[in-house]
Amino acid sequence: MPIDTGFDELLDLDGLTPATAEDAAAEYNGAMNAASYTVISQHHAYGQPLADGVSSSYLVVRDDSATAGTPDDPHYAAIHIRRDRAAGLFHFDSSPHPLPVLAQHWLIQRGADITAIAALSSHHSVPANAETTALEHRIRSAGNALRSDASYTRNLTWDPGWKPGEAWRGDEHLVHDWYTWVILDDPLAPPGSPVRVLFEDVDYTAGTHTLTEGAFPDHESAEEWTRDPRQPLPPAPAVIPPPARPAAAAAKESERSSSTSRVDAASRTSANSPGSAAVATPPPTQRHSAGTRRTR
């Protein structure tokens with residue numbers, strides 16, 4: 001169930017109008033889905049001096065309505081708001097993602113502070129070990145290298161001993177099988193392993209998750225692995241990522257662009273560079289069909 005985390009208040013759009021038709025459409029979609037959003041990570045930046053009225057907000061939200069959809073539906077969204085109160089305008093960008101860390105990565109490229117946006121609220125699971133923490137930090141710092149290609153999320157909860165007609169046996173009998181895998185292109189990977197797979201395994205009872213990584217020579221072998229995602233992942237060679245775009249510099253550029261009431265087509269293209277999008281893939285027990293879609 002979604003938790004009221006003050007999503008509408010965090011947008012802080014009172015008295016402002018959309019700068020473009022694209023911003024209006026994005027804001028409308030966000031408002032339509034607001035009831036199912038739980039904010040799990042956020043960062044707010046204000047221009048200097050404050051009298052300029054320029055500010056930005058960066059939000060990672062969990063879309064609880066996604067559990068009623070198909071397994072390839074992304075369960076998270078990254079939202080970037082840029083406000084110019086002097087001009088009375090706002091810009092609204094959003095991007096769906098299968099994992100919170102990928103949503104955070106998208107926002108960091110648009111000026112979010114890496115430390116602030118990495119802090120998860122109490123409404124979400126936390127890393128279970130140091131290896132997960134280190135991998136998530138590397139993903140956030142990966143510059144624009146990683147590109148999401150396909151994903152699958154399983155959120156299954158059941159009582160294996162319950163039989164039709166019996167009374168409810170209680171939460172202590174429930175089994176939670178929650179995980180997500182994501183196939184990524186990694187242009188910076190060493191030769192022979194350009195395709196990466198991330199596997200997040202959630203321990204619902206403990207409120208923690210682990211994230212592991214594997215490397216594959218091509219998409220076909222990565223997709224073959226997803227048929228049995230509980231098997232070990234092939235080790236991924238160490239990759240030293242380029243430094244993430246400095247958040248302060250990106251935020252300053254974002255604030256400068258939002259203070260202009262007229263935005264030309266070129267700047268809108270830059271400001272709305274697409275994020276990683278989850279792509280439909282069949283359940284892990286089935287082979288991929290010809291209908292599998294890709295975002296590459």
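Bear in mind the structure is a predicted one, so any value in this text is a computation, not a measurement.
Contact between F90 and P18 at its shortest, heavy atoms only, is CE2-N, 3.4 Å. When all heavy atoms of S41 and A118 are compared, the closest pair comes out as OG-N, 4.3 Å. The heavy-atom pair separating P100 from E200 by the smallest distance is CD-OE2, 4.4 Å. For A215 against P235, the heavy-atom pair with the smallest separation is CB-O, 3.9 Å. The two atoms that bring A112 and I117 nearest to each other are CB-CB, 4.2 Å, heavy atoms only. When all heavy atoms are compared, the tightest approach of P194 to G192 is CD-C, 3.5 Å.
Atom-to-atom distance recorded for S125:OG and L120:CG is 7.5 Å, nearest 0.5 angstrom. Distance check: I114 CD1 to Q109 CD gives 9.0 Å after rounding to the nearest 0.5 Å. Annotation: the span from S95 atom OG to H80 atom NE2 amounts to 13.0 Å, rounded to 0.5 Å. Here W181 contributes atom CH2 and R154 contributes atom CZ; the two are 13.0 Å apart, rounded to the nearest 0.5 Å. Summarising the geometry, atom OG belonging to S148 is positioned 11.0 Å from atom NE2 belonging to H105; distances are rounded to the nearest 0.5 Å. How far CG of L233 is from CZ of R196: 11.0 Å, rounded to the nearest 0.5 Å.
A search for side chain to side chain contact (heavy atoms under 4.5 Å, CB included) contacts involving A222 returns I183, V195, V197, F216, not counting sequence neighbours. Under the rule for a side chain to side chain donor-acceptor pair (under 3.5 Å), the partners of W178 that lie at least two apart in sequence or sit in another chain are T157.
Side chain to side chain, H91 and D23 meet the donor-acceptor criterion of an N or O pair below 3.5 Å. The closest side-chain donor-acceptor pair between H44 and D12, if any, does not fall under 3.5 angstrom.
With salt bridges taken as basic N to acidic carboxylate O contacts below 4.0 Å, one links R230 and D177.
With hydrogens and angles ignored, the 3.5 Å screen pairs no side-chain donor or acceptor of E136 with any backbone N or O of T133. Formation of a donor-acceptor pair under 3.5 Å by the S141 side chain with backbone atoms of R138 is not found in this model. Using a distance-only test at 3.5 Å, with no hydrogens or angles considered, a donor-acceptor pair links the side chain of W162 to the main chain of E166. At least one donor-acceptor pair closer than 3.5 Å links the side chain of Y58 to the backbone N or O of R110. With hydrogens and angles ignored, the 3.5 Å screen pairs no side-chain donor or acceptor of D63 with any backbone N or O of Y37.
A single hydrophobic cluster is seen to contain both I79 and L16, as judged by linkage of ILVMFWY side chains at heavy-atom distances under 4.5 Å, directly or through other members. Placement of L184 and L211 within a single hydrophobic cluster is found when ILVMFWY residues are connected by side-chain heavy-atom separations under 4.5 Å, directly or transitively. When the side chains of ILVMFWY residues are joined at heavy-atom separations under 4.5 Å, either directly or via intervening members, V101 and V202 end up in two distinct hydrophobic clusters. In the hydrophobic clustering of ILVMFWY residues, with side-chain heavy atoms under 4.5 Å counting as a link, L13 and V61 come out together.
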Q: Please lay out, stage by stage, how R83 and S57 fare under the test side-chain hydrogen bond (donor to acceptor under 3.5 Å, both in side chains).
A: CA-CA 9 Å; R83 313 174 194 86; S57 289; 2.5 Å; yes
Q. Please walk me through it: do R82 and D93 pass side-chain contact (heavy atoms from CB on, under 4.5 Å)?
A. CA-CA 9 Å; R82 291 178 291 143; D93 297 327; 4.0 Å; yes
Q: Dump the intermediate steps for side-chain contact (heavy atoms from CB on, under 4.5 Å) on I139 and L198, then the final yes or no.
A: CA-CA 10 Å; I139 292 170; L198 299 177; 3.6 Å; yes
Q: Just do the side-chain contact (heavy atoms from CB on, under 4.5 Å) check on L107 and L59 with the steps written out, would you?
A: CA-CA 8 Å; L107 290 171; L59 306 173; 5.8 Å; no
Q | Criterion side-chain hydrogen bond (donor to acceptor under 3.5 Å, both in side chains) on S36 and N33, from CA distance to verdict | A | CA-CA 6 Å; S36 64; N33 295 321; 5.0 Å; no
Q) Please walk me through it: do L10 and V39 pass side-chain contact (heavy atoms from CB on, under 4.5 Å)? A) CA-CA 9 Å; L10 291 173; V39 179; 4.0 Å; yes
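Residues L89 and T17 form a side-chain contact, since some pair of their non-hydrogen atoms from C-beta on lies under 4.5 Å apart. Residues H219 and D185 are in side-chain contact: their nearest non-hydrogen atoms beyond the backbone lie under 4.5 Å apart. Contact annotation: the side chain of Y179 never approaches that of H209 to less than 4.5 Å [non-hydrogen atoms, C-beta and beyond].
Less than 6.0 angstrom separates the ring centroid of Y76 from the ring centroid of H124.
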